[in-house]
Structures are given as C-alpha cells and as structure tokens.
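Accompanying notes for the structure given below.
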Amino acid sequence: MATPQVQSEPELDPPEFVTIMDPVHGSIQLDKYLFKIIDRPEFQRLRKIKQFGGVYYVYPGGVHTRFEHSIGVCYIAGQLVEALNKHCPPEEEKLHEWFTQEEKMCVQIAALCHDIGHGPFSHVYDIAVKEYYKKLKSKQKMKEFITSKEDEYGDNEKVDSYVEKEELPKKAKHEYRSALIVERMMEELTFDKRFEKDKSRYIKLIQDMITFSEQGFDNAEETLPSRKTYKQKAFLFEIVANEFTGIDVDKMDYFARDARSIGLPNSFDWRRFTQTAKIIKCEDGFHHICSRDKDVSSLYELFHTRNVLYRSVYKHKTVVIVEDLIKSALKEATIQVKVGQRSYPLIKCWQNMDAFHLIDDSIEDLIMKEIQVITAKPMQSQQLHIKKARITSESPRRHFSRIKDRKLPKFLGRTKKAKHDDDIESKRKDIAICTADTKSEIKTIEKRLKPLTVKFSYGKGSKDPIESHFFYGKFYPQHPFRIPKEEVSKILPSDFEEEEVFWYYDMKDDHGDETKAIVWECLNTDKLPTELKSALEGSYTRKRKLHEEQEEYTTDKDLRDFKRVIKRYRPK
C-alpha cells in the first residue's frame with residue numbers, strides 16, 4: 001500500500017505581540033513593532049543606567065535599571081489606553097474610539113522612550129550639569145557652556161536670556177534629550193505602514209508627549225493626524241508625563257518597582273485606576289482622564305507613596321551625601337568623549353547626542369581606571385576606542401573611593417530651610433564660631449561643614465496634586481467635578497511641600513568625633529538637658545561677641561565657667 005503523502009502544516013502569520021516576563025507586572029505582551037526600538041543601541045544603553053542613581057550604594061537591592069522600568073511604563077500605558085477605549089465616546093464627539101491605533105502606538109512609544117535621554121546615574125547627571133553651570137564665575141563662561149554647535153531647539157538665540165535667569169537650555173534636560181533621540185531613531189527605523197502618511201507629525205506627537213511635563217500646552221490648537229486638535233485630545237498628554245495633575249504611568253511603574261526592590265510596601269493599585277478611568281470633557285474645555293469619586297483616597301495614597309519613598313529612600317541621609325560626591329566626581333572628571341574631530345568633556349556631553357550615547361553608569365569604572373579619552377564613530381558604540389592617559393586630577397577618583405570605602409562626611413542633623421540661601425551660609429559660619437575652641441579653628445570647621453538642601457513634596461510643588469484632577473459619580477458619569485481636600489479627610493497635609501537642610505561634617509583627623517558631637521549640640525540644643533542647654537547658649541553668645549571684638553577664646557573667664565558645666569555632661 002502506498003504511503004500517503006505527508007502534508008506540510010500551513011504557515012502561520014507571525015505573532016503580533018511578543019511576551020516577556022516582568023518581575024513586577026508578571027507576563028506582559030507588547031506589540032512586536034516596539035521591539036524594533038527596544039533592540040536599538042540607544043535603548044539598550046538603558047541597561048547600564050540604574051533607576052536609583054546613588055541609592056544603590058545604600059540599598060543593595062536597588063539594582064534595577066531604566067531599561068526594565070521603561071518597558072514597564074510602556075506596558076501600563078498600553079493597558080490604560082485599552083481601558084479608556086472601552087468607554088465609548090458620546091455621539092457628539094463623532095469618534096469611534098478615543099484613541100486611534102496609531103495614537104495608541106504613539107503613546108506606547110513615548111512611554112517606552114521617555115527616559116532614553118538620562119545620563120549617568122539618572123537624575124544626578126542633570127543636577128551636576130546645572131550646579132556646574134551656576135557656579136561658573138563669568139557670564140562669558142556661562143554662554144560658552146550652554147552654546148551648542150548642534151542647536152536642535154534654537155536655544156542659541158536665547159543664550160543671553162538663559163544666562164540672565166541662570167537657566168539651562170532645553171537640551172540640558174533629559175526630557176528634551178529623550179525627544180531628540182526618539183526623532184533620530186524613528187527617522188532611521190522602517191515605520192509601520194499605518195504611520196508612513198503622517199510620519200513627521202506622529203514623531204512630533206511622541207516628542208510632545210515626552211516633554212509635556214516641562215513645556216505644557218504651547219500648541220493647544222495644533223492639529224493631529226486624526227484631525228482633532230491637541231486641546232480636543234488633551235488626554236493623550238496625561239498618560240506618560242502628566243503636567244496637569246502628575247498622575248501618570250511613569251509614577252505607577254517606578255513606585256511599584258522601586259518599593260519592591262527595597263522591601264517597602266506599595267499600596268497603590270494601578271490596575272484599579274485603569275478600570276475606573278474615563279475620558280470626559282471638563283469645565284476648562286479640555287478632555288481629561290477622570291476617576292471615579294470613590295477613588296480619591298487611593299489617588300492621595302499614590303502621592304503619599306511618593307512622599308514616603310522620597311523620605312525613606314531617594315533622600316535618605318546617606319543617599320544625599322553619596323549623590324553629592326557622585327555629582328562632584330562628574331563635574332571634576334577630566335574624561336573627554338571624542339566624536340569625529342570634536343571632543344566633549346563629560347559635563348558637556350549633553351550638547352552632542354553622539355557623545356551622549358557613549359556615557360552611562362560605567363563612567364565610574366573609567367574614572368577609577370584613570371581613562372582619559374573615549375572615541376567612537378557617530379552612533380556606533382561597537383567601534384569604541386578607549387585611551388588611557390595621565391590623570392591631571394585625582395579628585396573624581398577620590399570621590400568614588402570615599403563612597404566605596406564608606407569614608408563619607410558624617411550626618412549631624414537637619415534644620416528647616418530658611419527663606420534665603422545666604423541664611424544657610426550665615427548659619428554655617430555661626431556654627432563654626434560656636435564650635436571652635438580657638439579662633440584659628442573657625443575657618444577649618446566652616447570649610448568641613450556641608451549643608452545640603454533637600455526638598456520634599458507631593459510632586460506639584462506647594463500645590464495639592466489632586467485639586468486639579470476631575471472625578472465623576474455613579475449617577476452622573478458624564479458630569480465631571482473636582483473634590484476639595486476638606487471633603488476627603490481632615491488629616492491630609494496642610495502643606496504639600498517643604499525644604500530641609502541636611503548638615504554633614506567631613507571628619508579628616510582624630511579630633512573629628514569631638515567636633516562632630518559639638519556641631520550636633522549646636523543643631524539640636526532643644527533636645528539637651530536644661531542646665532547643659534543654658535551653658536551652651538551662654539557659651540555661644542559669648543563666643544560670638546568675642547569673635548566680633550576679635551578677641552581670643554582661650555583667655556576668657558566666662559567661657560571657662562561655661563566649659564566646666566558643659567564638661568560634666570559630655571560623654572567621655
């Protein structure tokens with residue numbers, strides 16, 4: 001009997017989605033087109049940029065990177081868009097769905113690439129650039145620092161204005177660098193057929209979504225490819241970087257991811273938010289993403305989580321001084337990144353995207369190994385050439401060594417920030433005067449005292465972030481309203497922003513412990529026994545007077561009397 005012919009199985013269409021396992025969200029699916037971006041070297045670079053910046057040196061579990069965070073944000077963005085599309089627009093909107101398929105893809109690309117412009121150690125690089133710029137001694141040097149040969153945003157025309165206001169140009173901020181890198185990538189990628197007709201407009205839409213938290217609505221009447229204006233589809237800009245309320249998918253992912261990595265609870269459920277979110281035209285004329293009124297406490301919890309993470313993790317007393325040392329290393333590093341015939345110091349790599357593409361957290365290793373020059377052909381990091389040369393400054397290496405060897409300036413305490421920065425410097429000098437045993441010690445103590453300003457908030461400055469958010473009720477689902485804080489709870493914060501000064505002392509000799517203890521007494525007088533407090537206050541008052549009169553401390557009888565009382569209380 002003849003053997004029947006074996007029929008081959010029909011070829012299946014390639015899958016539209018790719019499944020990956022995420023440690024926070026579990027098994028997730030992303031459109032296969034997004035992997036064209038994920039596989040690009042610009043995005044792969046995020047594997048070498050830790051989400052936590054300097055936090056990793058304090059919390060060993062905080063090793064996750066911007067790479068997995070960006071994928072998580074992209075996933076939540078897709079889930080939110082699908083949930084919003086399930087609530088059909090009212091007839092007067094003349095829309096089949098709130099988001100077209102092209103717009104959904106744009107939202108996910110913006111979510112995926114929103115952090116692609118981060119430099120080494122995430123936000124630390126941008127802060128280092130800003131501090132370096134503000135400390136330049138002349139306006140001419142400031143102009144030279146912010147004048148870029150590749151002037152993509154036309155900022156060179158505004159250089160004088162930036163210098164007067166001590167502001168940085170757009171490209172020095174990671175949001176605008178992300179937008180530039182996205183444009184370069186999307187121009188080189190083979191676009192999905194759906195996008196080809198309005199490619200440039202879709203790219204601009206993605207860029208505007210990424211930079212919305214910085215620039216807001218400068219172009220509300222601009223028309224989208226769907227023939228609706230930015231104002232009519234304002235909800236497009238509330239998903240990735242929400243300038244209106246700060247409620248966005250970026251926070252939803254990094255709160256969950258960061259809290260999980262260090263063992264803190266995260267009580268905000270982003271899935272619950274997507275289930276009740278609806279798009280409604282509000283009283284300000286914009287179409288906003290609105291929440292169910294019974295979810296208002298949950299949204300406050302989102303910002304409470306932010307506050308807890310900032311106080312416990314991002315602005316932990318040791319993290320603050322570690323990141324200050326990293327900033328110093330980045331500002332003082334002598335490494336040059338060479339692209340073509342042009343070289344860029346590390347602190348100026350933000351000016352050129354080819355140079356910027358080469359720097360990540362591995363810059364620490366280059367500094368420790370005394371590398372001087374990094375050379376590469378534009379956007380081709382695999383053709384990288386590293387040159388070792390004689391180091392002209394040991395400072396950057398020393399800063400990282402101090403972090404690893406745990407030879408950090410010691411935390412002394414915190415005070416509320418005064419209205420003016422001059423008040424901090426005045427207080428530093430005052431503490432040095434009160435702490436010194438002799439006048440000759442004053443300058444040394446003042447130099448070693450390090451006050452660092454730390455800001456805490458709910459993410460919208462002094463404003464309540466929820467006061468701008470719209471809600472809807474069960475019986476009036478198309479009539480949005482705001483909910484005053486007083487109607488939610490009487491125990492919510494009265495102020496949503498505060499600044500503190502963290503005080504550190506850089507101990508460099510055997511007498512450091514004693515000096516550190518005396519400085520602590522200056523900062524925490526109210527916590528001491530009554531007799532000691534009285535003696536210290538008398539001593540401080542006497543020292544200030546002697547300092548003004550240019551008299552020596554050691555021969556003063558009143559000071560000796562105060563010291564006898566103080567000595568009885570001080571631990572031996």
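Only heavy atoms go into these numbers, but all of them, side chains included; no hydrogens, no water, no symmetry mates. Position 1 is the first residue of the sequence, and the numbers go up from there.
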Would you mind checking if [Y] and [X] are paired as a salt bridge, meaning a charged N to carboxylate O distance below 4.0 Å?
X      : Y      : result
Glu188 : Arg40  : yes
Asp31  : Lys104 : no
Asp160 : Lys143 : yes
Glu152 : Lys170 : no
Arg257 : Glu68  : no
Glu425 : Arg428 : yes

Measure across [X] and [Y] and return the closest heavy-atom pair with its distance rounded to 0.1 Å.
X      : Y      : result
Ser457 : Asn307 : O-OD1, 4.3 Å
Met142 : Glu166 : CE-CG, 4.1 Å
His69  : Asp115 : CD2-OD2, 3.3 Å
Ala241 : Phe212 : O-CD2, 3.3 Å
Ala259 : Asn266 : CB-CB, 4.0 Å
Asp253 : Gly72  : OD1-CA, 3.4 Å

Does [X] use its side chain to pair, donor to acceptor, with the backbone of [Y] at less than 3.5 Å?
X      : Y      : result
Arg397 : Met368 : yes
Arg66  : Ile49  : no
Asp361 : Lys50  : yes
Lys251 : Gly246 : yes
Glu175 : Ile210 : no
Asp126 : His174 : yes
Ser468 : Pro465 : no
Glu238 : Ile289 : yes
Arg402 : Lys407 : yes
Arg201 : Thr223 : yes

* Asked: Looking only at side chains, do Asn242 and Thr245 share a donor and an acceptor under 3.5 Å apart?
  -> yes

* Asked: Any side-chain donor paired with an acceptor under 3.5 Å for Gln51 and Thr65?
  -> no

Point-to-point distance, once rounded to the nearest 0.5 Å, from [atom1] of [X] to [atom2] of [Y]:
X      : Y      : atom1 : atom2 : result
Leu112 : Ser178 : CG    : OG    : 11.0 Å
Phe411 : Leu452 : CZ    : CG    : 10.0 Å
Ser122 : Leu46  : OG    : CG    : 9.0 Å
Thr211 : Ile206 : OG1   : CD1   : 12.0 Å
Ser161 : Lys165 : OG    : NZ    : 4.0 Å

Is it the case that over 12 heavy atoms from other parts of the model lie below 6.0 angstrom from the [atom1] atom of [X]?
X      : atom1 : answer
Lys204 : NZ    : yes
Lys460 : NZ    : yes
Arg227 : CZ    : no

Less than 4.5 Å apart, side chain to side chain, heavy atoms only: is that true for [X] and [Y]?
X      : Y      : result
Phe52  : Val58  : no
Leu224 : Thr229 : no
Tyr125 : His118 : no
Val73  : His114 : yes
Lys134 : Glu167 : no
Tyr230 : Phe286 : no
Asp248 : Val240 : no
Tyr504 : Lys410 : no

* Test log, rule side-chain contact (heavy atoms from CB on, under 4.5 Å), inputs Glu164 and Lys139 -> CA-CA 8 Å; Glu164 286 299 320; Lys139 289 186 177 181; 2.8 Å; yes

* Could you go step by step and tell me if Lys404 and Glu364 meet the salt bridge (Lys or Arg N to Asp or Glu O under 4.0 Å) rule? -> CA-CA 11 Å; Lys404 291 185 175 182; Glu364 175 187 352; 3.2 Å; yes

* **Working for salt bridge (Lys or Arg N to Asp or Glu O under 4.0 Å), residues Arg414 and Glu500** => CA-CA 6 Å; Arg414 61 186 78 196; Glu500 294 182 355; 3.3 Å; yes

* To do: Using the salt bridge (Lys or Arg N to Asp or Glu O under 4.0 Å) rule, take Lys233 and Glu103 through it: C-alpha gap first, then chi angles, then the decisive distance, then the call.
  => CA-CA 10 Å; Lys233 287 205 167 186; Glu103 287 168 350; 2.6 Å; yes

NZ or CZ of [X] within 45° of [Y] ring axis and under 6.0 Å:
X      : Y      : answer
Arg311 : Phe456 : yes
Arg45  : Phe43  : no
Lys331 : Tyr132 : no

* Among Lys338, Arg184, Lys149, salt bridge (Lys or Arg N to Asp or Glu O under 4.0 Å) partner for Asp354 -> Arg184

* Does Glu499 have any side-chain contact (heavy atoms from CB on, under 4.5 Å) partners at least two apart in sequence or in another chain, and if so, which? -> Lys417, Thr453, Lys455

* Structure fact -> Sorted by chain and number, sequence neighbours left out, side-chain hydrogen bond (donor to acceptor under 3.5 Å, both in side chains) with Glu323 holds for none

* Asked: Listed by chain and number, what are the side-chain hydrogen bond (donor to acceptor under 3.5 Å, both in side chains) partners of Tyr162, not counting sequence neighbours?
  -> Asp155

* **Verdict with reasoning, Asp151 to Ser148, per side-chain hydrogen bond (donor to acceptor under 3.5 Å, both in side chains)** => CA-CA 6 Å; Asp151 187 25; Ser148 174; over 6 Å; no

* **Check against ring-ring contact (aromatic ring centres under 6.0 Å, His included), Tyr153 and Tyr176** => CA-CA 9 Å; Tyr153 287 112; Tyr176 288 98; 5.3 Å; yes

* Asked: Going through the distances and angles, do Phe237 and Phe244 end up as a ring-ring contact (aromatic ring centres under 6.0 Å, His included)?
  -> CA-CA 9 Å; Phe237 305 92; Phe244 291 118; 8.8 Å; no

* Close aromatic pair by centroid cut-off 6.0 Å: Tyr310 and Tyr314 -> yes

